[in-house]
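One structure below.
Both counts, for ligands and for their atoms, begin at 1 and track the order of listing. FYI, the numbering just counts along the sequence from 1.
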Amino acid sequence: MAEKFIVEPCGALRGKMEIGGAKNAVLPVLAAAILTEQECVLQNVPDLSDVESMCVLLESLGAKTIMDKPSGTITVNTHAINSLDASYELVGKLRASFLVMGPLLARFGRAKVPLPGGCAIGSRPVDLHLKGFAALGAEIDNSHGFVTASAKRLRGAKIYLDFPSVGATENIMMAAALAQGQTILENCAIEPEIVDLANFLNTIGGKIRGAGTDTIKIEGVSSLTTPNPKHSIIPDRIEAGTFMIAAALTRGDVTLTNVMADHVKPVTAKLKEVNINVEESDTGVRVTCDPSCELIAADLKTLPYPGFPTDMQAQFMSLMATASGTSVITETVFENRFMQVGELKRMGAEIKIESRSAIVEGVPKLTGTQVVASDLRAGAALVLAALRAEGTTEITGIHHIERGYDRIDTRLNQLGASIVRVESEKE
Ligand code: EPZ
């Protein structure tokens with residue numbers, strides 16, 4: 001049965017919140033477990049439907065995964081993988097499933113994965129992944145909606161990415177870990193999740209250097225056999241940023257723990273620019289705002305890390321919807337990531353889209369109404385907007401939100417929000 005959130009406006013959010021492990025770090029790390037026959041223990045794993053989907057995919061290939069939710073631990077063992085074909089139905093549920101291609105190809109010499117379709121935010125091509133595999137010597141057959149890659153043994157190569165794609169960097173790095181010789185990956189992504197994956201690969205016996213810079217050097221090894229590898233997933237900088245904006249929007253006082261302050265610097269800088277106080281410490285960040293403080297509109301351009309993250313664009317737009325002045329928000333990473341605009345306008349926001357920019361004229365208040373979450377971050381943006389809108393907001397499509405946020409309703413309510421989850425007749 002579909003569910004929806006009923007959100008009543010709340011006063012200032014106050015209190016302490018622990019941030020969970022990063023969805024966009026644990027998904028590639030789970031795929032990377034395919035590279036080793038050793039049983040891996042992953043800690044600080046968030047309880048998300050996307051994580052569950054990745055585990056189901058690994059199990060469909062013959063791997064074993066055990067998730068212990070109370071401790072946030074996953075034990076994954078890919079020793080008994082007996083299939084190299086990822087199913088269309090499972091990959092359709094989770095685009096990040098395409099990250100199993102590199103590891104399957106590297107360890108078994110073959111992989112067949114459905115070409116991921118587009119999604120709400122864009123066409124999401126994988127051409128850079130495939131160019132990387134081909135550069136490593138793989139034969140690529142891309143037909144009938146499936147990609148098959150095969151190679152007796154991958155050979156190291158020098159690869160320059162046309163765009164610092166996060167997924168392509170991850171897929172190629174995993175494939176190169178077992179290639180013959182050295183691979184140099186240039187113009188690669190430098191997101192913290194790349195560093196976390198490289199750390200995991202080195203933990204299982206890989207030889208990866210330079211992750212976090214735009215050039216990564218991978219010395220291929222014949223097998224990855226370090227026994228009993230354990231890895232703790234980095235905190236989720238996007239979940240942290242989302243809760244930072246919740247505190248700012250409600251003019252609250254919220255301390256977020258288990259946050260790497262460096263990873264949320266772009267969000268911190270932008271919040272300070274719009275007149276919100278953010279204190280950084282070695283355990284996290286504290287967002288405070290005088291209840292009467294005036295939010296000042298600021299422009300925004302999303303960019304690959306360390307620029308402002310595209311995954312925080314919709315949430316920032318919700319904040320600017322009731323700021324004083326005009327904010328021009330430009331989305332440079334994905335071609336269709338303004339799905340929240342229509343719904344925010346139904347709540348009374350004044351927003352005009354011109355090409356890749358949204359011009360947001362701040363209004364004094366938004367009003368609650370019925371809205372639909374179309375994708376993960378647009379859905380989160382609607383929850384944020386509803387916290388301070390006048391009247392009740394009903395949000396359907398919350399399964400999108402649950403993909404990337406663990407109990408967002410319960411945890412915001414612990415800070416003073418009023419979100420009720422009810423069954424919904426509307427899918
Ligand atoms: C990862 O997606 C994240 N997902 C996304 O988070 C995030 O928005 C994105 O990186 C950018 O930071 C995961 O990590 C699971 P890209 P990914 O490859 O790897 C183009 C969320 O909300 N491109 O860096 O798919 C692509 O079309 C999700 O948590 C190519 O042209 O992102 C896009 O315009 C959404 N060819 C741009 O690069 C390729 O082969 C960035 O994509 C690959 C990408």
Q | Side-chain donor/acceptor of N413 to backbone N/O of I419, under 3.5 Å | A | yes
Q | Exercise: identify the closest heavy-atom pair between E239 and D406 | A | OE2-N, 4.1 Å
Q | T393 and M347: CA distance, side-chain angles, deciding distance, side chain to side chain contact (heavy atoms under 4.5 Å, CB included) verdict | A | CA-CA 9 Å; T393 304; M347 295 177 74; 3.8 Å; yes
Q: Tell me the residues surrounding ligand 1, counting only those with a heavy atom closer than 4.0 angstrom, sorted by chain and number.
A: K23, N24, A96, I121, R124, P125, V126, D127, L128, H129, F163, S165, V166, G167, T310, D311, V333, F334, R337, L376, R377
Q: Could you walk me through whether R377 and M339 pass side chain to side chain contact (heavy atoms under 4.5 Å, CB included), step by step?
A: CA-CA 9 Å; R377 307 301 176 184; M339 302 297 282; over 6 Å; no
Q: Please check if atom CD in E139 has more than 12 non-hydrogen atoms from other residues, nucleotides or ligands closer than 6.0 Å.
A: no
Q: Check for a donor-acceptor pair, side chain of N187 on one end and backbone N or O of Y160 on the other, with a separation under 3.5 Å.
A: no
